[in-house]
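Atoms within a ligand are numbered from 1 in the order they appear, just like the ligands themselves.
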Amino acid sequence: MSEMYAKEVPAYSTLMHLVYEVNEETLQANPELQNQLEETESLARISEERHGAIRVGTAAELAMLRRVFAIMGMYPVGYYDLSIAGVPVHATAFRPTSEASLKRNPFRVFTSLLRLDLITDEALRDEAAAILAKRQIFTDGAIQLTEKAERDGGLSHEDATTFISEVLETFRWHDQAKVSAALYRRLHDAHRLIADVVSFKGPHINHLTPRTLDIDLVQQRMPLHAISPKAVVEGPPTRKCPILLRQTSFKALEEAVSFQSEDGAWQIGSHTARFGEIEQRGIALTPKGRALYDTLLNNSREVMRPAADGSNATEYMKCLEEAFQTFPDSWDAIREQGLGYFSYSLTEKGKASVGFGGTSLEQWISEGLVRFDPIVYEDFLPVSAAGIFQSNLGDEASQVAVASANQVQFERDLGASVLDQFEHYAEIERASIEACKGVICAQQVAAE
Ligand code: OOG
Ligand code: NI
């Protein structure tokens, strides 16, 4: 998919090079970060893609995607309601969930389902639904191999290779629209996103996102490479101890597409959907930490919202930094106040010690037997995602009703419930503590 996207969107290659360059520089200037990453994650893949996104049109498409991703070990985690920001979709992220799989490849796909119920023009809504009901976004091969994998509990190496190339077809760009220029225009006028989902043969991958170790530096350098970044970096401000997720993107490109008129002739037009994005990840927050994050973000947005044209970008970032002054910025404080999730492991001293006295985790930490490292946040943030959507959609008026979250309907359409992200991080933390306890208690028993 990465190769396909780089061929389809050349600006994406430029961004990948820039990210690679900045990551190399950051690691060289920061041996401590390099050591920590070497110990806790694999450095070899640091600059590779961490996520991508697609938008689908029907419950059947979403449910089939769930089955396809499950074969690749990716499961729906989290529910994101974007309707609060006037974007007529709700979403989940398909991703690996076990610690071992995440270490090997944490790639996720942010997957949005269009909410046709939010189109206020009834005739247009019916027309869009009829078009979506007729399309098939999966190849026959992808469907057959999905059924086979479900039946047999997996695929042979050969079938797996075919499966990947068949599934890739679903994510491919199609420059010939399935609708006429006139209908595209009507869909577009209702909401740009509706035109994007309904007009084409499939849900083209709309961005892929590499991980950067210094998002501010990449943001600053984008214009030097003729890439125009969105006005502000989404998420928390720059910090010593990164929390959650920071993201920025370059704006969606205007690309040539063609529409077929009734007499069968093709008519040239354009469509904007695909963009480039980068992310920098920090620690996963507990419900308490997340509540603090949400409050501080809201506080800063009450003072000032980032303007789409970037005119208040500097003031907005300053205001955000001020609001976040009260969020502790040391790993010790974040841990002591129960704001973030950590993974605990034995130090060299801990592994070598036999029969020491302490009985609690806190004692083992203060004796230097156990260390703690932040667990990386693997999910998304609804306000940030809305900011990314909006920077690509512009501020034009749309005919979309303001709605509220509807997780029940989303899960019905998905055919499964989404996993709770907090439970998942808590479990990784708990298992790491149990593993330390197991070894230390065995050492103590052996010493007695
Ligand atoms: C998805 C936008 C959200 C993110 O990283 O938050 C997203 C889309 O535009 O389809 O990718
Ligand atoms: Ni994204």
Residues in the immediate environment of ligand 1 (any heavy atom closer than 4.0 angstrom):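 Residues near ligand 1: H51, A53, R55, F110, N206, H207, Q247, F275, E277, F380, A385, F389.
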Qualifying residue, where the test is side chain to side chain contact (heavy atoms under 4.5 Å, CB included) with L114 and the options are L62, L193, I119: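 The residue from L62, L193, I119 that satisfies side chain to side chain contact (heavy atoms under 4.5 Å, CB included) with L114 turns out to be L193.
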Exercise: do Q267 and S261 side chains pair donor with acceptor under 3.5 Å: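 Side-chain D/A pair, Q267 to S261: absent.
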Side-chain H-bond candidate by donor/acceptor type, Y79 with E411, under 3.5 Å: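 Not at all, the side chains of Y79 and E411 share no donor-acceptor pair under 3.5 Å.
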Residue H17 excluded, over 12 heavy atoms near NE2 under 6.0 Å: no
Which atom of V198 lies closest to which atom of I131, heavy atoms considered: O-CG2, 3.8 Å
Set of side chain to side chain contact (heavy atoms under 4.5 Å, CB included) partners for M317, sequence neighbours left out: V232, V233, R246, L320
Heteroatom N/O/S of E277 within less than 2.8 Å of the Ni ion (ligand 2): yes
